[in-house]
Amino acid sequence: MNKNKKLPVRVQHYISQGVLRMFSENRQSVFEFNLENNKVYRAGISTTMSDKLTYEHPILPGNALENAFKKIEDEYIPKIRNIVDMLENENIAAAQKEVESILQEILLFYYRSGAVLYELSDNNEFDKPSVIENMLKRISDSRYLTKLANTIISDYTFVVLKTANSNFLLSDQYVSTASLNCKGMIANFSNRTIGFSDCLILIPLSSKYYVAYYNGNFQLDKPIKSDKIYELTGNDLLNINKVIIRNGYKKCIAMHQDALEAVKEYKTSICGTVGIVMGYSNGAYRSYTVKKEVFYRDIDQDIFDHFIEYYSSLAKFKEMNHRKIGKNYKDFGQASRKCRRN
């Protein structure tokens with residue numbers, strides 16, 4: 001054994017520790033909500049939002065991805081702090097320009113996050129080498145990241161959200177998303193896929209500030225304008241934190257315990273991805289792994305839940321009566337479309 005060979009860092013964070021400190025009161029710990037056992041407790045920055053050997057792959061040198069991400073973080077985190085400083089001085093235009101300049105890095109942080117790693121698993125089974133390879137395909141495709149970032153900039157509306165008491169949550173998906181309109185069930189995409197129309201994207205800056213990009217009918221108690229900072233209270237804050245906690249697969253953190261306690265009852269019953277098997281008239285079958293659905297409005301979630309119940313009933317009806325079922329978009333309105341083809 002080569003004694004000079006450096007062993008991989010055992011605990012590897014899928015959310016940067018620099019980001020986590022922006023959600024910490026003492027820069028050492030946060031409050032963590034475990035979605036699997038429904039418990040809230042204090043957790044250290046050094047251990048939360050991490051896993052054992054998260055980014056190790058059999059054909060890569062030890063720490064290869066961990067070190068690569070560290071170099072990006074060293075440039076990215078100071079920019080996030082700078083954006084927060086701009087917002088504290090109400091320099092919204094400069095903050096927006098800085099956010100747009102690092103959107104590709106934001107998307108990279110999104111694809112490397114813990115929740116998305118689970119979404120990238122094949123056939124709903126977590127095979128780490130396969131997951132790492134799927135992640136690398138996305139983050140190494142600079143053309144795709146550039147086009148997706150440009151779609152967000154050109155086809156979504158920018159707005160700054162604030163909570164005076166630093167009560168925003170952070171999920172293990174890093175960037176949280178929600179659909180603003182239920183389109184029914186789509187075989188190989190979620191209603192909240194980034195780049196789709198009627199989608200809300202929430203980018204964390206700190207426990208006090210989030211940046212939102214939206215396409216579609218996103219409403220707060222006050223009319224929305226991009227040149228203002230919207231301080232959220234009451235139902236507005238609750239609705240945003242509900243989206244964030246529903247984006248989580250395993251964990252969600254906050255600076256204050258009561259911020260988590262206030263929304264933990266709203267976590268989704270689905271903790272993992274959804275496996276979908278499609279059967280075709282020629283006898284072929286194809287399986288897909290789709291991220292769980294999250295909707296900004298409860299009414300859209302209710303429509304989707306009843307859609308599942310309704311379509312399941314139709315499937316049973318077909319089986320019993322040997323009749324065909326039409327495509328779901330004939331019954332449930334327009335099929336999903338992207339804001340702009342990437």
Side-chain angles (χ1 to χ4, degrees), residues 11-33 40-50 54 69-92 94-116 158-177 201-213 229-232 237 240-241 243-245 247-248 250-260 262-263:
V11 178
Q12 299 181 355
H13 286 74
Y14 45 78
I15 303 290
S16 166
Q17 292 186 72
V19 172
L20 297 175
R21 290 189 183 96
M22 303 294 284
F23 286 79
S24 172
E25 199 166 25
N26 57 15
R27 296 180 58 82
Q28 296 180 349
S29 65
V30 293
F31 283 96
E32 179 179 288
F33 175 47
V40 178
Y41 45 83
R42 189 177 286 277
I45 296 293
S46 61
T47 56
T48 189
M49 298 293 186
S50 67
T54 306
F69 289 142
K70 176 65 167 57
K71 290 180 180 178
I72 297 171
E73 290 170 12
D74 288 344
E75 295 185 6
Y76 178 80
I77 299 303
K79 292 179 180 179
I80 293 295
R81 294 195 190 106
N82 188 41
I83 293 169
V84 171
D85 289 340
M86 291 175 181
L87 295 177
E88 290 284 66
N89 293 314
E90 299 189 358
N91 193 346
I92 302 171
Q96 180 177 358
K97 186 176 180 180
E98 186 74 356
V99 169
E100 292 176 352
S101 74
I102 60 170
L103 261 181
Q104 291 184 56
E105 287 85 351
I106 290 170
L107 292 171
L108 185 150
F109 271 60
Y110 165 73
Y111 282 119
R112 64 165 279 197
S113 68
V116 177
F158 173 93
V159 66
V160 178
L161 308 177
K162 173 185 176 181
T163 168
N165 297 322
S166 296
N167 278 332
F168 280 133
L169 311 185
L170 176 67
S171 84
D172 56 8
Q173 186 157 294
Y174 184 56
V175 172
S176 293
T177 59
I201 305 169
L202 297 172
I203 300 171
L205 301 176
S206 69
S207 58
K208 188 175 181 179
Y209 291 104
Y210 259 76
V211 162
Y213 282 94
I229 296 175
Y230 287 83
E231 185 171 325
L232 306 185
L237 178 60
I240 292 298
N241 276 341
V243 167
I244 296 170
I245 203 167
N247 269 255
K250 287 190 172 184
K251 299 177 180 179
C252 196
I253 67 162
M255 179 179 289
H256 304 300
Q257 182 175 357
D258 57 357
L260 290 168
V263 295

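- Proximity of a side-chain donor or acceptor of N165 to a complementary backbone N or O of N167 within less than 3.5 Å is not detected.
- Taking all atoms of both residues into account, the shortest heavy-atom contact from S46 to V11 is O-CG1, 3.8 Å.
- Annotation for L205 and I80: closest pair O-CG2, 3.6 Å, computed over non-hydrogen atoms.
- For the side-chain contact (heavy atoms from CB on, under 4.5 Å) with M255, the lone residue among S24, S29, S207 that qualifies is S207.
- Remark: E88 engages V84, K208, Y209 in a side-chain contact (heavy atoms from CB on, under 4.5 Å) (not counting sequence neighbours).
- Contacts of Y110 classified as side chain to side chain donor-acceptor pair (under 3.5 Å), with partners at least two apart in sequence or in another chain: K291.
- Applying the ring pair (Phe, Tyr, Trp, His ring centres under 6.0 Å) test to Y14 and every residue at least two apart in sequence or in another chain returns nothing.
- Residues that satisfy the side chain to side chain donor-acceptor pair (under 3.5 Å) test with T163, not counting sequence neighbours, are absent from this structure.
- In this structure, F109 and S16 approach most closely via the heavy-atom pair CE2-CB, 3.8 Å.
- The main-chain N or O of T54 is never found under 3.5 Å from a side-chain atom of H13 such that the two would form a donor-acceptor pair.
- The ring pair (Phe, Tyr, Trp, His ring centres under 6.0 Å) check on F69 picks up Y55, with sequence neighbours excluded.
- Residue pairs meeting the side-chain hydrogen bond (donor to acceptor under 3.5 Å, both in side chains) criterion with at least one member in residues 100-109, sequence neighbours excluded: Q96-E100, Q104-T146.
- Residues that satisfy the ring pair (Phe, Tyr, Trp, His ring centres under 6.0 Å) test with F168, not counting sequence neighbours, are Y210.
- Judged as a salt bridge (Lys or Arg N to Asp or Glu O under 4.0 Å), not a single pair has a partner in residues 17-28 (not counting sequence neighbours).
- For F33, the ring pair (Phe, Tyr, Trp, His ring centres under 6.0 Å) criterion is met by no residue, not counting sequence neighbours.
- Formation of a donor-acceptor pair under 3.5 Å by the T47 side chain with backbone atoms of G44 is found in this model.
- For N247, the side chain to side chain donor-acceptor pair (under 3.5 Å) partners are Q173, R192, not counting sequence neighbours.
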Would S113 and I15 count as a side-chain contact (heavy atoms from CB on, under 4.5 Å) if you check the C-alpha gap in whole Å, the side-chain angles of each, and the deciding distance to 0.1 Å?
CA-CA 6 Å; S113 68; I15 303 290; 4.0 Å; yes
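- Two rings, from F31 and Y41, have their centers 6.0 Å or more apart.
- Among residue pairs with one or both ends in residues 161-175, none qualify as salt bridge (Lys or Arg N to Asp or Glu O under 4.0 Å); sequence neighbours excluded.
- K70 meets the salt bridge (charged side-chain N to carboxylate O under 4.0 Å, His left out) test with D74; sequence neighbours excluded.
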